[in-house]
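Right, one structure below, let's go through it.
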Amino acid sequence: MALIALGVSGGIGAYKAVEVARGLQQAGHDVVAIMTASAHQFVGRVTFEAITHRRVITDQFEAGANADIEHIALATDMAALVVAPATANIIGKLALGIADDFLTSLYLATRAPVLVAPAMNTNMFGHEAVVQNLATLRQRGVHIVGPGEGYLACGWIGQGRLAEPADVVAATDAIVRPAASLTGRRILVTAGPTYEDLDPVRYLGNRSSGRMGLAVAAEAVRRGARVVLVLGPSTLDPPREAEVIRVRSAAEMHQAVMTRAREADAVVMAAAVADYAVQGGPEPQKISKTTNGGQDDSERPWSLTLTRTADILADLGAWRSDRDRPVLVGFAAETQDVVARATAKLARKGIDLVVANDVSRADAGFEVDTNAAVLVDAAGATELPLQLKTTLAGAILDRIETRLRDTDPTEPQTPDQTVPPGSDGDLHEPS
Ligand code: CTP
């Protein structure tokens, strides 16, 4: 998954930028929208926030904005800056290096590739000033997509219409997709929480959003891997290229993982799997206050008996035993003694890498875009700075790539023939 900054300037095509944001997400990218002051005349920030699941950046002097790592890190972390629509005004500012708002400052601050999708009236587009400004940008290596020809909002027919959103997405994708370092590899990723049902309307869940696992899946896709994503109940969109297996409970996730682990070069268990489920499984009918004890007694407490779920990662570790494949990566959410506990987990589960994070920090762990992780393997612990989950996903996959190369410098290994315990027996042969 690449992080794309989508700059929206104030033209009638601004509403189409919503479709661009959506398309970029469907292509597996993470999008941060940046609106110029005049863009608000055409489309609301809430629309972009709802689609990108991120705060929209509108003002570089907004209270709190400069204390926010996501905001500051954008210039270095983003894989591309896309300006769609780009008005004659913004094109002029970019060409001249005027930095009087967040978007124009970001353009000067970043070394990421830039794509501009001009949209304006035909005469404006043909004006020598705009022609020269676009030529300047082109010479500087800025990519330009469109504009298209057709009926313009001002009533004219001619050149100036914003390129189709699908074309802007395709042009962006072509820029950010690097040489595929995981081509030929199969990566199994789990993401999201699991829900343990009590009855048809209630469940035990946890605060995992699925962001970390989805970031790993999208980054693996971007690097050319074939990705199977076993996804618990998450409201986020998985990358389109991944094969997604939706599950709900820990038991369903266990079966899905065990069934598909055999064909994987690496398994990344980013899901927050429930450690406990209701003993005997969910009640078939809704539990009511009266069925709980026979009478509606407001004083009567309700006790649930929970039993341990199977530890998927530990089962994978035991099944893989002393072989090299699949490489096994687990996560550890800790509130104290992070490295010591992660090191113990590495040995106990028989895995290759533990991504440990201190979930007592407000800026790391659940429901946020950033994470401060320590990578723990047999060689020791490496503390990583607070960074976007999309960047951390890259660091995890770098480790996996190194391990795959070290254990097999040539080709992906033949998948193991032993059947993992708990798989559904209907083994999916690599195709
Ligand atoms: N995991 C799993 N199966 C479970 C529970 C967890 O595969 N039933 C995986 C998670 O996906 C994660 C790692 O194991 O990769 C987390 O390890 P776990 O022992 O559950 O750690 P915590 O829940 O963080 O903590 P604790 O050991 O303190 O309970």
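Position 1 is the first residue of the sequence; numbering continues from there.
For the pair Arg248 and Tyr203, the cation-pi test (distance below 6.0 Å, angle within 45°) is passed.
If you take CE on Met258 and CH2 on Trp319, they are separated by 8.0 Å, rounding to the nearest 0.5 Å. Distance check, rounded to the nearest 0.5 Å: CG of Asp398 to CD of Glu219 gives 8.0 Å. Atom CD of Gln41 is separated from atom CD1 of Ile12 by 11.5 Å, given to the nearest 0.5 angstrom. Atom CD of Gln336 and atom CZ of Arg341 lie 6.0 Å apart (nearest 0.5 Å). Put simply, CG on Leu6 and OG1 on Thr172 are 8.5 Å apart, with the number rounded to the nearest 0.5 Å. Rounding to the nearest 0.5 Å gives a distance of 4.5 Å between CD1 of Ile287 and CG of Asp199.
Remark: Lys16 does not engage Glu19 in a salt bridge, criterion side-chain N to carboxylate O under 4.0 Å. Ion pairing between Asp406 and Arg403 fails under the 4.0 Å rule for side-chain N and carboxylate O. Look at Asp30 and Arg54 and you find a salt bridge, because one of the NZ, NE, NH1 or NH2 atoms lies within 4.0 Å of a carboxylate O, short of that distance. Using a 4.0 Å cut-off between a side-chain N of Lys or Arg and a carboxylate O of Asp or Glu, Arg246 and Glu252 do not qualify as a salt bridge. Classification of Arg186 and Glu243 as a salt-bridged pair fails, no side-chain N sitting under 4.0 Å from a carboxylate O. Classification of Asp197 and Arg202 as a salt-bridged pair fails, no side-chain N sitting under 4.0 Å from a carboxylate O.
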Handout entry: Evaluation steps, side-chain contact (heavy atoms from CB on, under 4.5 Å), between Phe102 and Thr58
Key = CA-CA 7 Å; Phe102 188 85; Thr58 52; over 6 Å; no
Practice task
For the pair Leu375 and Arg399, evaluate side-chain contact (heavy atoms from CB on, under 4.5 Å) and give the outcome as yes or no after the intermediate values.
Solution key: CA-CA 9 Å; Leu375 300 186; Arg399 289 293 186 100; 3.9 Å; yes
Practice task
Evaluate the side-chain contact (heavy atoms from CB on, under 4.5 Å) criterion for residues His53 and Arg211: first the C-alpha distance (whole Å), next the side-chain angles of each, then the deciding distance (0.1 Å), finally the verdict.
Solution key: CA-CA 11 Å; His53 302 283; Arg211 264 195 191 91; 4.3 Å; yes
Exercise for the section: Step by step, work out the side-chain contact (heavy atoms from CB on, under 4.5 Å) result for Met269 and Phe331. Expected result: CA-CA 7 Å; Met269 283 290 308; Phe331 281 69; 5.6 Å; no
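The main-chain N or O of Val32 is never found under 3.5 Å from a side-chain atom of Thr52 such that the two would form a donor-acceptor pair. Under a 3.5 Å cut-off, the side chain of Asp311 and the backbone N or O of Ala314 do form a donor-acceptor pair. When atom types are taken as modelled, the side chain of Arg140 and the backbone of Ala95 share a donor-acceptor pair closer than 3.5 angstrom. Judged by distance alone, the side chain of Thr194 and the main-chain N or O of Val273 form no donor-acceptor pair under 3.5 Å. The main-chain N or O of Val230 is never found under 3.5 Å from a side-chain atom of Thr190 such that the two would form a donor-acceptor pair.
The neighbour count for Glu49 CD, taken as heavy atoms of other residues, nucleotides or ligands under 6.0 Å away, is above 12.
In this model, no donor atom of one side chain and acceptor atom of the other lie less than 3.5 Å apart for Thr183 and Arg226. For the 3.5 Å distance criterion, the side chains of His29 and Asp173 qualify, holding a donor opposite an acceptor. Using a 3.5 Å distance cut-off with no hydrogens or angles, the side chains of Glu196 and Ser249 do not pair a donor with an acceptor. Side-chain contact annotation: Thr104 with Asp101, donor-acceptor N/O pair under 3.5 Å present.
Side-chain contact between Val169 and Arg22 is absent, with no heavy atoms from C-beta onward closer than 4.5 Å. Taking 4.5 Å as the limit, every side-chain heavy atom of Val268 sits out of range of all side-chain heavy atoms of Leu188. Side-chain contact between Val359 and Glu334: absent, with no pair of heavy atoms (C-beta onward) separated by less than 4.5 Å. Side-chain contact between Leu134 and Pro118: present, with at least one pair of heavy atoms (C-beta onward) separated by less than 4.5 Å. When side chains are defined from C-beta on, Tyr276 does not count as touching Leu204, because their heavy atoms never get closer than 4.5 Å. Between Val374 and Asn357 there is no side-chain heavy-atom pair separated by less than 4.5 Å. Put simply, the side chain of Val83 does not reach to within 4.5 Å of the side chain of Tyr107, judged on heavy atoms. Side-chain contact between Val116 and His143 is absent, with no heavy atoms from C-beta onward closer than 4.5 Å.
Of all heavy-atom pairs between Arg222 and Val176, the closest is NH1-O, 3.0 Å. Contact record, Asp265 with Leu404: O-CD2, 3.7 Å, taken as the closest heavy-atom pair. Here the shortest heavy-atom pairing between Asp352 and Pro326 reads OD2-O, 4.2 Å. Ala271 and Ala191 make their closest contact through CB-N, 3.8 Å (heavy atoms, listed as atom of the first residue, atom of the second, distance). Across all their heavy atoms, Phe42 and Gly11 have their closest contact at CG-O, 3.4 Å. Taking all atoms of both residues into account, the shortest heavy-atom contact from Pro85 to Gly13 is CG-C, 3.7 Å.
Remark: Asp275 engages no residue in a side chain to side chain donor-acceptor pair (under 3.5 Å) (not counting sequence neighbours).
Screening Ile245, Leu236, Leu214, Val189 against Leu231 for a side-chain contact (heavy atoms from CB on, under 4.5 Å) leaves a single residue, Leu214. Paired with Glu164 under the rule side-chain contact (heavy atoms from CB on, under 4.5 Å), one option of Leu162, Val168, Asp167 passes, and it is Asp167.
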